[in-house]
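Start at 1 with the first residue, then count along the sequence. Just so you know, these numbers use all the heavy atoms, side chains as well, and skip hydrogens, waters and symmetry mates. These figures come from a predicted structure and were not determined experimentally.
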Amino acid sequence: MNIDRYIGKDYSIICANIRLAQFLKHQYAQQQLQNGLKSWETPDILPWMSWVRRCWSDLRIRHKGLELLLNPTQEVLLWQEVIEAQVDTSFLWHIPSIAGQAQSAWQIMKEYRIPEFDDSEGLGEDHLKFRTWSQVFKDRCQRENWIDASSIPERIGNDLVRELELANSGIVLVGFDVLTPQQEEFISKIKAVGVEVVHFQEPEGPVAEMQVTQCNDISEEIRFAAQWAKQKIQENPQAKIGILAPGLRDHRQQIVHTFEEVLSPGNLSYEHEHTPLPFSITLGRSLLEYPMIAVAFDLLALKPHALTLSEISNLLRTPFIRGEEHASRALLDEILRSKNQQIYSLREIKYHVVQMGKKGDSPKLFVRSLSNLFEYQKTLPVSDTPSSWSDHFAEMLEKMGWPGERQLNSDEQQQNEAWSSVLEKLASVHVVRSRVKRFEAFSILRREAGDQGFQHHTPESPIEVMDPQGAAAMQFDHVWMLGMNENTWPRPVVPNPFVPIRLQSRFGVLHADTRLFLDWTERLQQKIIRSSHNVVFSYSCFDGDRPLLGSPLLPRQERCDIKNSLPETIAFQQVVFESGETEEIADFEAPLVENHSGGTSIFTDQSQCPFRSFAKHRLYSRGLEEPDIGLSPMQRGSILHRLMQLFWEDVKSQQELIKRTPEQHGELITSLVDQEIQESQKTLPSVFTPQFSKIEATRLKAVMTSWIEIEKARKPFRVRDREFLVEESLEGVNFRGRVDRIDELDDGSLVIIDYKTGVQSIGDWVPERPKNPQLPLYAVTLPGNIAVVVLAIMKQGDDFGYRGLASRQDVFNSGSSIRDPVKKFEDDLTIRKKFLFDDYAEDGTWDDLLGQWRSDIESLAIEFRKGYAPVKPMDSYVCQYCDQGPFCRIGEIRKNRGQS
Ligand code: SF4
């Protein structure tokens with residue numbers, strides 16, 4: 001670039017954007033190194049706005065009375081204050097966003113020299129409001145002797161321009177395709193006082209060799225661009241490559257991930273020491289997106305009486321706080337999740353930690369730090385100076401030992417520095433606001449961190465990913481422009497809503513006028529085409545299911561299929577996988593155990609998936625609970641179980657049930673439900689709010705009242721046992737379980753009842769591997785004449801009622817008008833066939849079924865003891881509700897087998 005003759009020669013080089021300034025500085029440094037120099041004077045290269053600010057700062061050194069220049073944080077806050085004073089804040093305004101738009105409108109008016117608009121412009125409500133706000137903003141600045149950055153060129157005017165201390169040789173403008181009227185005017189004033197101003201334009205190079213390729217979607221475009229860049233770098237490691245993406249912000253994450261995977265796959269591996277990436281991307285991620293900073297904000301937002309489970313859970317698992325109690329913190333996380341409670345108080349957390357301490361290790365340091373944090377919070381004033389809030393926030397983080405005790409890596413150190421600069425910006429707000437409340441200080445801090453596009457300092461890289469606008473005036477060897485679709489190139493114009501569109505068009509605001517913007521985009525594209533040896537344009541044919549067209553600005557030439565010329569790249573996992581030798585060992589048998597004790601779910605799990613049974617009952621593996629809002633199905637079931645138990649403790653038999661009047665039933669049900677709700681309010685206060693308690697009480701009363709009718713329609717019975725404890729052994733497996741209820745019929749035979757609050761089918765009892773053998777297990781192990789095995793489905797809807805099997809016709813059902821709630825085993829040939837196979841279908845008996853069940857369940861017990869544990873789910877449905885997926889890796893198995 002012939003700009004070299006100006007750099008380092010006492011010229012100030014003013015660039016159109018930051019990226020170009022960095023690029024020129026780097027290029028200059030490379031030249032000095034090539035010339036054998038070890039040190040050199042830093043050239044004066046800076047973007048336009050930094051230069052304008054510097055001019056003003058220099059002037060202020062000599063003229064103490066000049067206005068104080070507001071920094072961007074102070075400026076937005078001032079707009080925010082002005083707007084808050086003028087609008088009704090009870091409306092759903094998002095003031096910080098409106099302040100940002102107003103600031104941008106003010107800047108546009110200054111840059112394009114748009115005069116204050118009068119009524120003849122046909123002003124809308126937004127324009128009128130902005131007119132008022134800008135007047136107040138201006139008055140306030142005048143009164144306080146402040147100035148905003150966009151007003152500086154105008155303020156310097158003809159008088160102060162003579163006092164500017166500009167570089168001896170003059171200034172050079174680089175990368176300015178179009179100057180705004182304000183820039184033109186300012187430059188002409190500088191020229192008028194005899195300063196040399198060079199508007200540097202890169203001499204046009206020859207038109208690059210061009211290719212246009214179409215891809216399936218944006219993911220494919222990004223991948224091809226990454227593979228292509230890799231190929232170019234392999235061919236010539238010195239090559240300079242530009243990947244230009246309009247709408248870079250929308251695809252930033254995907255681009256970073258794909259380029260990292262293709263160009264530096266080792267970086268994606270766990271705990272790999274990250275090497276600098278061979279590409280740089282101009283658009284930084286918001287500081288808030290980095291886990292270390294996100295944890296800082298989580299800590300500052302904590303409230304002692306309302307700690308959400310996700311907040312606590314995140315803190316318990318983060319490495320960015322004090323303490324090495326990782327195992328005990330993980331255990332506390334598990335305990336809190338198992339309670340299905342969304343909100344905890346510090347007191348409740350302390351309680352659980354004390355309980356943990358009685359059994360073993362507990363995260364004492366974590367709770368102590370949390371207590372210290374909340375104690376400190378109590379000492380904070382309602383409002384304070386911004387700089388004091390900056391100190392308070394730092395102190396709050398210190399109480400939790402943020403950012404942790406381990407050595408920060410270089411990326412984290414840079415984030416820490418960026419965090420300090422955000423705190424400094426908060427402190428700088430004192431110029432505009434002497435005192436702020438805590439939540440205001442917090443939101444300023446959050447906005448600053450959110451706005452700050454943070455980027456790690458990386459050495460200059462051969463591949464630059466940037467927005468096409470940033471590439472103007474830069475030179476590359478190869479360029480790939482991706483995302484060249486009709487809706488993205490040219491980018492849609494976005495006029496500012498606070499300035500009348502007609503005015504914006506009339507004064508030539510680039511991003512407000514379609515025609516101007518199209519011209520500008522075409523010129524930019526031409527520059528790019530002439531700044532490189534070859535340019536590839538790519539566009540997508542689909543966005544999901546939506547078909548897309550290429551941009552009308554694409555060169556009119558044959559589409560080429562670039563895919564075949566690209567090198568094959570394989571995913572990092574595959575590289576690792578393929579570098580190893582796979583040895584296959586069929587290992588699905590664990591060591592035999594002579595005896596094993598557990599719950600009845602051993603049999604259910606062994607039947608549904610042997611590995612699950614092994615993992616849960618021999619290795620005691622459990623997934624972490626994911627609490628739901630409201631009651632979990634299990635909590636809902638327990639409440640109903642308790643209610644039914646108490647109800648039958650009082651009523652005892654069907655005879656008594658029929659004898660009592662509906663009013664008596666109503667009274668009993670109401671008192672039981674109210675008592676249960678009160679208990680639940682104590683144990684689950686965050687779930688059983690007054691409103692929820694009312695709804696749940698109504699629901700429970702309705703379910704129980706309806707259930708009475710189901711019981712009345714049965715053959716006479718008395719309730720013999722409730723929550724009956726079964727402790728038995730089958731083939732060396734000792735199991736414990738509780739039968740919800742056992743009724744005795746008039747002939748002395750027994751009915752086994754299992755309450756269900758969800759739907760379940762008796763098809764789950766089908767031999768020879770019953771999917772859910774719990775009730776068959778009770779039927780074959782309980783003493784007495786078991787005549788009926790039934791599920792009491794207490795979920796309102798079509799399935800409400802009994803479902804089950806009975807040894808004889810009419811042993812259970814009275815044959816009343818109620819829809820047949822029990823399948824009659826003896827009468828139903830289909831059921832017989834299903835349960836006893838064709839051989840027995842004609843003459844099979846109830847005892848045959850019980851015998852079959854016993855032998856099926858014994859087989860399961862033997863399998864379990866022998867350690868038979870293949871990953872062999874009965875069907876894909878059982879995996880849906882299993883928490884062992886990450887352990888058994890069924891997903892990978894299915895993927896390798898090509899199953900969904
Ligand atoms: S996820 Fe499926 S295969 Fe894995 S243990 Fe659970 S049931 Fe078995």
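- Checked options I677, L643, L700; the residue passing with L672 is L643 (criterion: side chain to side chain contact (heavy atoms under 4.5 Å, CB included)).
- At a threshold of 4.0 Å, the pair D740-K756 does not count as salt-bridged, since none of the basic side-chain nitrogens sits closer than that to a carboxylate oxygen.
- In this structure a side-chain-to-backbone donor-acceptor pair under 3.5 Å is missing from T604 to N772.
- Between the Y376 side chain and the E395 main chain, no donor and acceptor come within less than 3.5 Å of each other.
- Open room surrounds CD on Q407; 12 or fewer heavy atoms of other groups in view lie less than 6.0 Å from it.
- R642 has no carboxylate O lying under 4.0 Å from a charged side-chain N of E679, or vice versa, which leaves the two without a salt bridge.
- Ring centroids of F297 and F442 are separated by less than 6.0 Å, placing the two rings close together.
- With hydrogens and angles disregarded, no donor-acceptor distance shorter than 3.5 Å links the side chain of R317 to the backbone of R329.
- We find that R252 and E289 are not joined by a salt bridge, their nearest charged nitrogen and carboxylate oxygen being 4.0 Å or further apart.
- Between I293 and Q415, the shortest heavy-atom contact is CD1-O, 3.8 Å.
- Using modelled atom types, no side-chain atom of T318 and backbone atom of N314 make a donor-acceptor pair closer than 3.5 Å.
- A heavy-atom distance below 4.5 Å is found between the side chains of I349 and L332.
- For F611 and F887, the ring centers sit closer than 6.0 Å to each other.
- With sequence neighbours excluded, the residues satisfying salt bridge (Lys or Arg N to Asp or Glu O under 4.0 Å) with K378 are E375.
- Nearest heavy-atom pair, R612 versus V878, reported as atom, atom and distance to 0.1 Å: NH1-O, 3.4 Å.
- For E696 and R636, the salt-bridge test passes: some basic side-chain N is under 4.0 Å from an acidic carboxylate O.
- When every heavy atom of L397 is checked against every heavy atom of A296, the shortest pair comes out as CD2-O, 3.6 Å.
- With hydrogens and angles disregarded, a donor-acceptor distance shorter than 3.5 Å links the side chain of R322 to the backbone of E398.
- Without hydrogens or angle criteria, Q414 side chain to D411 main chain gives no donor-acceptor distance under 3.5 Å.
- Judged by distance alone, the side chain of S443 and the main-chain N or O of E440 form a donor-acceptor pair under 3.5 Å.
- Looking at Q681, its side chain never comes within 3.5 Å of a backbone N or O of S693 through a donor-acceptor pair.
- Ring geometry, Y755 versus H641: the interplanar angle exceeds 60°, so the pair is classed perpendicular (tilted spans 30 to 60°).
- Shown are R618, K616, K771; of these, the salt bridge (charged side-chain N to carboxylate O under 4.0 Å, His left out) with D605 is made only by K616.
- Looking at S607, its side chain never comes within 3.5 Å of a backbone N or O of F603 through a donor-acceptor pair.
- Note on E334 versus R337: no salt bridge recorded, every NZ/NE/NH1/NH2 to OD/OE distance being 4.0 Å or above.
- When the ring-ring contact (aromatic ring centres under 6.0 Å, His included) test is applied to W389, the partners found at least two apart in sequence or on another chain are H392, F393.
- Checking side-chain atoms of E325 against main-chain N and O of K364 turns up a donor-acceptor pair under 3.5 Å.
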